[in-house]
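In what follows, a structure is listed as structure tokens, so that the remarks can point back to it.
Residue numbers begin at 1 in each chain, while the letters A, B, ... track the order of the sequences. Quantities reported herein were computed from a predicted structural model and do not represent experimental measurements.
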Number of protein chains: 2
Amino acid sequence: MKLSIDHKSAVPLHIQAETLLREMIKEPEYQAGKLLPNEVDLAKILAISRTTLRQAINKLVYEELLVRKKRLGTKVAQSKMSSKSMNWLSFTQEMQARGIPIKNYELHVSWVYPDDYIANFFDIKTEKKIMKLERLRGNADEAFVYFVSYFHPRIGLTGDEDFKKPLYEMLENEHSVVANLSKEEISARAADKLIAGKLEIDPGSPVLFRKRFVFDQGDRPMEYNLGYYKAESFIYTVESRRNS
Amino acid sequence: MKLSIDHKSAVPLHIQAETLLREMIKEPEYQAGKLLPNEVDLAKILAISRTTLRQAINKLVYEELLVRKKRLGTKVAQSKMSSKSMNWLSFTQEMQARGIPIKNYELHVSWVYPDDYIANFFDIKTEKKIMKLERLRGNADEAFVYFVSYFHPRIGLTGDEDFKKPLYEMLENEHSVVANLSKEEISARAADKLIAGKLEIDPGSPVLFRKRFVFDQGDRPMEYNLGYYKAESFIYTVESRRNS
DNA sequence: ATCAAAAATATGTACAAACATAAAAATATA
DNA sequence: TATATTTTTATGTTTGTACATATTTTTGAT
């Protein structure tokens with residue numbers, strides 16, 4: 001882990017400072033209400049202006065990772081709303097962690113024109129095709145989840161990648177794209193004909209539906225993922241702590 | 001509504017600018033992807049520096065009310081109703097935050113013997129009755145969620161409390177119990193006869209089912225809550241950042 | 001007419017400088 | 001000793017300035 005800032009890098013200084021602060025507050029010495037060095041000093045240490053440093057701090061303050069107090073200083077907030085387990089494990093990794101061997105029932109790559117919704121999320125034009133990945137997965141006995149993923153063209157996927165490997169690992173190793181932030185929307189749905197067919201359930205019966213918006217290091221959109229989970233086969237767990 | 005900024009006010013200029021922008025984008029002419037005046041001009045109009053204006057804009061950008069685009073300008077984002085802080089708002093508070101009046105369709109208190117599962121969670125014997133609270137709630141038009149809550153006897157609920165008030169507020173004020181940690185399990189389910197009847201849907205149709213284990217200040221179990229949400233009426237959002 | 005280069009225009013990044021303000025700590029006063 | 005008062009120290013506010021950069025628009029060359 002680097003403790004300093006590279007003034008020659010193309011990465012903006014306030015972004016570098018931001019990631020550096022994120023690393024910093026993960027360290028044991030900064031956990032639990034400890035104070036950061038004051039802004040003036042820290043700016044001097046990092047060799048950036050106070051304004052630039054504040055820009056970085058502000059972001060973490062907004063995310064409620066840091067709390068500012070006049071005269072007292074800036075302290076690390078109580079860790080909050082940590083959505084446990086599930087979130088940063090890919091499906092493959094999670095199943096492996098539970099000792100369940102995965103079976104890919106279907107794996108299909110295609111190139112499609114994004115609809116308005118997707119184009120808007122990716123901030124691209126609807127006239128250019130993007131990669132669509134459909135996967136039907138489960139254990140040895142049955143398929144219990146159907147995934148549909150769309151990827152930002154920036155990543156440069158060819159379609160020849162090995163999608164049997166853990167997806168995010170592959171993206172990181174082969175395309176240098178790291179998933180950093182995900183926003184998910186979970187709801188219950190009735191399975192339509194397509195989904196019912198894939199999961200071998202009756203149309204109209206319940207599925208857990210998850211939309212997932214994935215962002216990379218620079219908080220740029222990188223993947224849009226739809227997951228249809230057979231009911232009963234999947235439970236989403238969230239653990240959150242009050243932060244007042 | 002004032003359209004200008006008061007330089008003599010004690011309220012910081014960037015705060016004034018922020019509220020002004022919030023008002024602004026509520027106006028019909030600025031709805032739906034319309035562009036704001038560019039920063040340099042707007043700063044001139046408001047007679048504040050571009051830096052100060054940017055401070056205000058930044059905040060709304062963080063909140064995803066505005067979207068910036070190089071060369072294009074700053075436009076009003078599609079309103080998303082993303083309840084980010086969903087987690088620590090009670091149902092009542094959350095609905096109120098969205099300006100939706102709540103209606104209690106049913107509210108029923110009873111005293112029951114806990115089953116093994118609940119007794120185990122509360123770490124109590126099954127021979128002693130505990131309070132059970134059933135609530136069918138929704139907006140003016142329809143009931144869309146059915147809650148069943150069980151409370152730890154330690155809290156000392158009598159059953160005569162006013163359960164129309166926000167629950168956690170009431171528990172804090174009248175029984176000095178503060179909810180501090182919650183563990184939730186979200187899944188999709190087919191509605192059984194009871195639930196279907198309450199929510200006025202067909203048996204077998206999907207509901208979002210949420211188990212919630214709530215702990216107090218000392219991480220002692222205080223409430224066990226089951227929520228059955230009519231599908232489509234409820235979306236659970238989770239935002240998570242990688243921390244490794 | 002088509003395609004490439006240049007100009008224009010918006011936000012993005014970064015610094016320096018100054019003064020305001022809240023709260024704790026140190027000091028002075030009763 | 002207890003209570004005001006002042007000082008100190010951190011963040012908070014605000015401006016001015018300069019150049020970078022992504023995109024569109026305009027212009028120019030083939």
Side-chain angles (χ1 to χ4, degrees), chain A residues 4-21 33-62 64-77 119 122-125 127-128 152-154 217-221, chain B residues 4-21 30 33-62 64-77:
Chain A
S4 65
I5 280 187
D6 179 9
H7 282 255
K8 277 163 210 138
S9 163
V11 179
L13 300 182
H14 74 268
I15 301 278
Q16 288 187 55
E18 186 193 325
T19 45
L20 203 142
L21 283 170
K34 286 277 171 59
L35 287 171
L36 294 188
N38 79 63
E39 293 177 354
V40 180
D41 289 353
L42 192 54
K44 210 164 278 172
I45 293 167
L46 301 179
I48 57 176
S49 73
R50 189 182 159 210
T51 321
T52 303
L53 174 60
R54 257 177 95 75
Q55 216 176 134
I57 295 178
N58 273 332
K59 204 147 172 214
L60 300 213
V61 168
Y62 186 78
E64 298 178 30
L65 290 167
L66 295 178
V67 178
R68 288 211 248 236
K69 251 333 210 343
K70 259 192 195 168
R71 156 72 220 208
L72 191 91
T74 304
K75 71 165 192 236
V76 181
F122 280 153
D123 192 24
I124 55 170
K125 300 221 167 68
E127 288 83 36
K128 205 177 145 193
H152 196 289
R154 185 184 352 94
Q217 306 98 308
D219 283 358
R220 293 172 304 185
Chain B
S4 66
I5 280 186
D6 179 9
H7 282 254
K8 277 162 211 141
S9 162
V11 179
L13 299 183
H14 75 268
I15 302 279
Q16 288 187 56
E18 187 192 325
T19 46
L20 203 143
L21 284 170
Y30 278 116
K34 286 277 170 59
L35 287 171
L36 294 187
N38 78 64
E39 293 178 354
V40 180
D41 290 353
L42 192 54
K44 211 163 277 173
I45 292 168
L46 302 179
I48 56 176
S49 74
R50 190 185 157 208
T51 320
T52 304
L53 173 60
R54 249 178 158 273
Q55 218 175 132
I57 295 178
N58 273 332
K59 203 143 173 217
L60 301 211
V61 169
Y62 279 140
E64 297 181 26
L65 289 166
L66 294 177
V67 179
R68 287 211 246 238
K69 239 5 205 323
K70 261 195 194 167
R71 155 73 219 208
L72 192 94
T74 305
K75 70 169 193 229
V76 181

(request) Going 5' to 3' through nucleotides 2-8 of chain C, assign each nucleotide B (protein heavy atom under 4.0 Å from a base atom), S (under 4.0 Å only from sugar-phosphate atoms) or - (no protein heavy atom that close). (result) ------B

(request) For the pair Arg220(A) and Asp123(A), find out whether any cationic side-chain nitrogen is under 4.0 Å from an anionic carboxylate oxygen. (result) no

(message) Checking contacts here: which listed nucleotide (dA14(C), dT14(D), dG12(D)) is nearest the side-chain heavy atoms of Leu13(A)?
(response) dA14(C)

(request) Output the single nucleotide from dA18(D), dT11(D), dT15(D) whose closest atom is nearest the side chain of Arg50(B). (result) dA18(D)

Would you tell me if any nitrogen or oxygen in the side chain of [X] comes within less than 4.0 Å of OP1 or OP2 on [N]?
| X | N | answer |
| --- | --- | --- |
| Thr74(B) | dT11(C) | yes |
| Thr52(A) | dC15(C) | yes |
| Arg68(A) | dA10(D) | no |

(request) Would you please name every residue forming a side chain to side chain donor-acceptor pair (under 3.5 Å) with Thr52(B), sequence neighbours left out? (result) Ser49(B)

If I take atom [atom1] in residue [X] and atom [atom2] in nucleotide [N], what distance separates them, rounded to the nearest angstrom?
| X | N | atom1 | atom2 | answer |
| --- | --- | --- | --- | --- |
| Leu53(B) | dT15(D) | CG | C1' | 13 Å |
| Lys8(B) | dT14(D) | NZ | C1' | 17 Å |
| Gln55(B) | dT11(D) | CD | P | 16 Å |
| Arg54(A) | dC15(C) | CZ | C1' | 15 Å |
| Leu46(A) | dA14(C) | CG | P | 13 Å |
| Lys70(A) | dC19(C) | NZ | C1' | 12 Å |
| Ile15(A) | dT13(C) | CD1 | P | 6 Å |
| Leu72(B) | dT9(C) | CG | C1' | 11 Å |

(message) I want to check something: taking the side chain as every heavy atom from C-beta on, are Leu13(A) and Gln16(A) in contact at a cut-off of under 4.5 Å?
(response) yes

(request) Nearest-nucleotide wise, let me know which of Val11(B) and Asp123(A) is further upstream toward the 5' end of DNA chain D. (result) Val11(B)

(message) Taking the nucleotide of DNA chain C with the nearest heavy atom to each, does Ala47(A) or Asn38(B) sit closer to the 5' end?
(response) Asn38(B)

(message) With a 3.5 Å distance limit and no angle check, can you tell me whether His152(A) reaches the backbone of Phe122(A) through a side-chain donor-acceptor pair?
(response) yes

(request) Could you tell me whether a side-chain N or O of Asn58(B) sits under 3.5 Å from a main-chain N or O of Arg54(B), the two making a donor and an acceptor? (result) yes

(request) Heavy atoms only: give me the nearest Glu39(B)-Leu53(B) pair and the separation to one decimal. (result) O-CD2, 3.3 Å

(message) How long is the straight-line distance from CG of Asn38(B) back to CZ of Arg50(B), given to the nearest 0.5 Å?
(response) 8.5 Å

